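The next block holds one structure in the form of C-alpha cells; read it before the comments.
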Amino acid sequence: MIVGFTYNSKKKTPSDMPEDFYAEFDEPATINAIRDAIASGGHRVVMMEAKEDIFEKIKSNSVDIIFNIAEGIRGESRESQVPIICEMFGVPYSGSGPLTLALTLDKAKTKEILLYNKIPTPKFQVFKTGKEKLINILKFPLIVKPIREGSSKGIRDNSVVKNKKELYERINETLSLYSQPVLVEQFLSGREFTVAIIGNKNPWVLPIVEVLFDDLPPGVNKIDSYEAKWVWDDPKKPLDCLVCPARITKKMEKTIREISLKAYNALDCRDWARLDLRLDLKGVPNVLEVNALPGVIPDPKCNSRFPKAARTAGLGYNEMILSVLDEAMVRCKLK
Ligand SMILES: Nc1ncnc2c1ncn2[C@@H]1O[C@H](COP(=O)(O)OP(=O)(O)O)[C@@H](O)[C@H]1O
Ligand SMILES: [Mg+2]
C-alpha cells in the first residue's frame, strides 16, 4: 500500500518562548524510525510534514491511508487538523478522529466525560482569569497544569502547590506563559501507572507500566514533571523510572485495565492511545489524562512509555507501529 505519513518535526524554540514550546513535536530520530517501521511492512511511504500546506499535500497525493502522528500547528484543537483535512478529502487515516483528539487535548473536558461515565479522576477546577475563588472541595496539596498541553509542558516541579500564595502565583504564571485556561487538580500522592492500548473492537491492553520516582533528585516532588521527563532523565544517563510489567496484584491489574478500557471507549479512541493514572488515598486508580496521540521515541534509553509496554508484550518497534497501522487498515476496510 501507499502510506502517507503526517508528522510535525521539532524546531528550534524561538528565544521569546518558554524552553518547552516545541516539547510535543517529534525529533527526526522518531520520525525516521516510524518511516522505516511502515516501510518494513512492505509499504511505500510518502513523507508529509504537517506544515501549513498539509491541506495541499493531502488533497493532491493519492495515498491509500495516512499514518498520523501530527500534533498540529497551533490552536486549541490543533491535534485535529490532519484528521479533519483527511475527512474533508475522504482519505483514510490512523488513530482517533478530530472530535476525540480535540477533546483529549483538553484535560478538563476529558474529565467531564470521564465523570459522566463514572470513571474516577481527581477533583478539579478550571481557572480562566486567575481571580476565581478556590472551591472548598479542593484541599492542598494541589497541582496546577495548562489545560491543553502534553509531554509535561508547563508542569514543573513547582506545579505542586501547598498553599493559596503558591497556588495563585503558579496559576498566574501558567496563564501568562501558555495563554490558555489552567487546570487545578487534587494532588494524588499514590503510585503512578501508564496504560498503552492498541485496537478497536477488542482493544489489546499492553502490559501496564509503573512510573517510579525514587531516582529523582532528593527533595523534589514525585511527579513526571518537565524536568523529570526531559532534563533529569537524560539518555546518556537514563533514570531508572519505568517498571513493566508493573508489580501489582492481579486484582489491581484487573481494575486498572477495566478503568483504562472504559475511558478509551468513553472517549471513542481508535487504533491506539495511552492513559496516565494515579492511585488516590483509597488506592483507587484515577485517570489523569488520555493521550490519543501517544509519544513513541524509539531509543529504549529515552524511557518512552508506549514502546516500553510494547517491548514487554514482545512487540519490537516496527511491529508496534505496524500493529497500529494494521488496526487502522482493518477499521477503514482496506484489509
Ligand atoms: N492530579 C495529580 N496528582 C498527582 N500527580 C499528577 C496529577 N496530575 C498530573 N500529575 C503528574 O504530572 C505528570 C504530567 O501530568 P499529565 O496530566 O499526565 O500531563 P501531560 O499531558 O503533560 O503528560 C503526571 O504523569 C503525574 O506525574
Ligand atoms: Mg501525561
Side-chain angles (χ1 to χ4, degrees), residues 18 20-25 71 78-79 101 103-111 114-115 119-126 137-162 167 170 174 177-178 180-197 208-216 220-233 239 241-242 246 260 263 267 273-297 303-306 308-309:
D20 59 6
F21 190 64
Y22 284 123
E24 290 188 293
F25 283 17
E71 298 282 341
R78 58 189 179 273
E79 289 184 0
L101 289 173
L103 193 55
T104 51
L105 188 57
D106 186 316
K107 291 188 165 82
K109 287 288 164 213
T110 300
K111 288 160 73 70
L114 295 176
L115 288 172
I119 298 164
T121 186
K123 293 195 177 71
F124 70 107
Q125 181 178 0
V126 175
I137 53 164
L138 292 176
K139 308 280 180 228
F140 290 103
L142 302 172
I143 183 163
V144 180
K145 326 192 240 189
I147 207 158
R148 46 181 105 89
E149 296 297 346
S151 307
S152 293
K153 201 172 153 179
I155 304 178
R156 295 274 170 173
D157 188 49
N158 68 356
S159 298
V160 181
V161 293
K162 291 165 201 72
L167 171 73
R170 193 61 203 155
T174 310
L177 271 178
Y178 298 97
Q180 57 186 287
V182 169
L183 175 66
V184 173
E185 262 186 351
Q186 191 61 58
F187 179 76
L188 304 184
S189 55
R191 293 168 76 180
E192 179 162 334
F193 302 98
T194 190
V195 181
I197 299 181
I208 298 169
V209 177
E210 176 163 9
V211 185
L212 297 180
F213 302 100
D214 308 331
D215 226 12
L216 294 185
V220 305
N221 285 304
K222 296 194 178 303
I223 59 165
D224 218 357
S225 57
Y226 183 81
E227 295 96 325
K229 254 184 216 162
W230 308 113
V231 184
W232 298 324
D233 189 12
L239 293 182
C241 60
L242 302 183
S260 302
L267 289 152
R274 206 198 79 230
L275 298 91
D276 292 338
L277 302 96
R278 263 210 178 203
L279 303 188
D280 65 16
L281 284 176
K282 292 185 187 135
V284 176
N286 278 235
V287 176
L288 299 181
E289 63 146 356
V290 178
N291 299 288
L293 281 182
V296 279
I297 303 173
N303 283 324
S304 190
R305 278 89 175 124
F306 204 107
K308 171 91 180 183

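Counting starts at 1 for both ligands and their atoms, in listed order. Because the structure is a prediction, the values reported are computed rather than measured.
Between the side chain of Trp230 and the main chain of Ser151, a donor-acceptor pair closer than 3.5 Å is present. Checked by atom type and distance alone, the side chain of Glu227 never pairs as donor or acceptor with a backbone atom of Arg156 at under 3.5 Å. In this structure a side-chain-to-backbone donor-acceptor pair under 3.5 Å is missing from Ser159 to Ile143. Lys111 places a side-chain N or O within 3.5 Å of a backbone atom of Pro122 that can act as its donor or acceptor partner. At least one donor-acceptor pair closer than 3.5 Å links the side chain of Thr110 to the backbone N or O of Leu103. Remark: the backbone N or O of Leu188 is paired with a side-chain donor or acceptor of Arg278 at under 3.5 angstrom.
The shortest side-chain heavy-atom distance between Pro120 and Asp280 does not fall under the 4.5 Å cut-off. The side-chain heavy atoms of Leu142 and Gln186, taken from C-beta on, include a pair separated by under 4.5 Å. Taking the side chain as every heavy atom from C-beta outward, Ser260 and Val287 never approach each other to under 4.5 Å. Counting only heavy atoms from C-beta outward, the side chains of Ile223 and Phe187 approach each other to under 4.5 Å. Contact of the Ile147 side chain with the Pro181 side chain is registered, since non-hydrogen atoms from C-beta on lie closer than 4.5 Å.
Each of the atoms 1 (N) of ligand 1 lies under 4.0 Å from some heavy atom of Pro122. Distances below 4.0 Å separate heavy atoms of Ser151 from the following atoms of ligand 1: 22 (O). Taking every heavy atom of Phe187 and a limit of under 4.0 angstrom, the matching atoms of ligand 1 come to 3 (N), 4 (C), 5 (N). When each atom of ligand 1 is checked for a heavy atom of Ser152 under 4.0 Å away, the hits are 14 (C), 20 (P), 22 (O), 23 (O). Contact atoms of ligand 1 toward Ile223: 5 (N), 11 (C), 27 (O) (distance under 4.0 Å to a heavy atom of the residue). Using a 4.0 Å cut-off to heavy atoms of Arg278, the atoms of ligand 1 that qualify are 4 (C), 5 (N), 27 (O).
Partner Thr194 forms a side chain to side chain donor-acceptor pair (under 3.5 Å) with one of Asp276, Asn291, Asp224 and no other, that one being Asp276.
Ranking the protein heavy atoms by distance from atom 3 (N) of ligand 1 puts Leu188 N, 2.8 Å first. In terms of protein heavy atoms, atom 8 (N) of ligand 1 is closest to Lys145 NZ, 2.8 Å. When hydrogens are left out, the protein atom nearest atom 15 (O) of ligand 1 is Ile155 CD1, 3.4 Å; that is the closest non-hydrogen contact. Considering only non-hydrogen protein atoms, atom 20 (P) of ligand 1 sits nearest to Glu289 OE2, 3.4 Å. Here the protein heavy atom with the shortest distance to atom 24 (C) of ligand 1 is Glu192 OE2, 3.5 Å. Counting only heavy atoms of the protein, atom 10 (N) of ligand 1 lies nearest to Ile143 CD1, 3.6 Å.
By the 4.0 Å N-to-carboxylate-O rule, Glu185 lies too far from Lys107 to be salt-bridged with it. One finds no salt bridge joining Arg148 and Glu71 here, because no Lys/Arg side-chain nitrogen approaches an Asp/Glu carboxylate oxygen to under 4.0 Å.
Close N/O approach between Ser225 and ligand 1 is not found [any backbone or side-chain N/O within under 3.5 Å]. Backbone and side-chain nitrogen or oxygen atoms of Glu185 are examined, and one is located within less than 3.5 angstrom of a nitrogen or oxygen of ligand 1. Checked by distance only, ligand 1 and Lys222 stay at 3.5 Å or farther apart across all their nitrogen or oxygen atoms.
With a heavy-atom cut-off of 4.0 Å, Glu149 touches ligand 1 through its backbone alone. Residue Asp224 touches ligand 1 through backbone and side chain together, judged by heavy-atom distances below 4.0 Å.
Taking distances strictly below 2.8 Å, the protein N/O/S atoms close to the Mg ion (ligand 2) are Asp276 OD2, Glu289 OE2.
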Run Leu242 and Val211 through side chain to side chain contact (heavy atoms under 4.5 Å, CB included) and show every step you take.
CA-CA 5 Å; Leu242 302 183; Val211 185; 4.1 Å; yes
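By the 4.0 Å heavy-atom criterion, Lys229 is counted among the residues contacting ligand 1.
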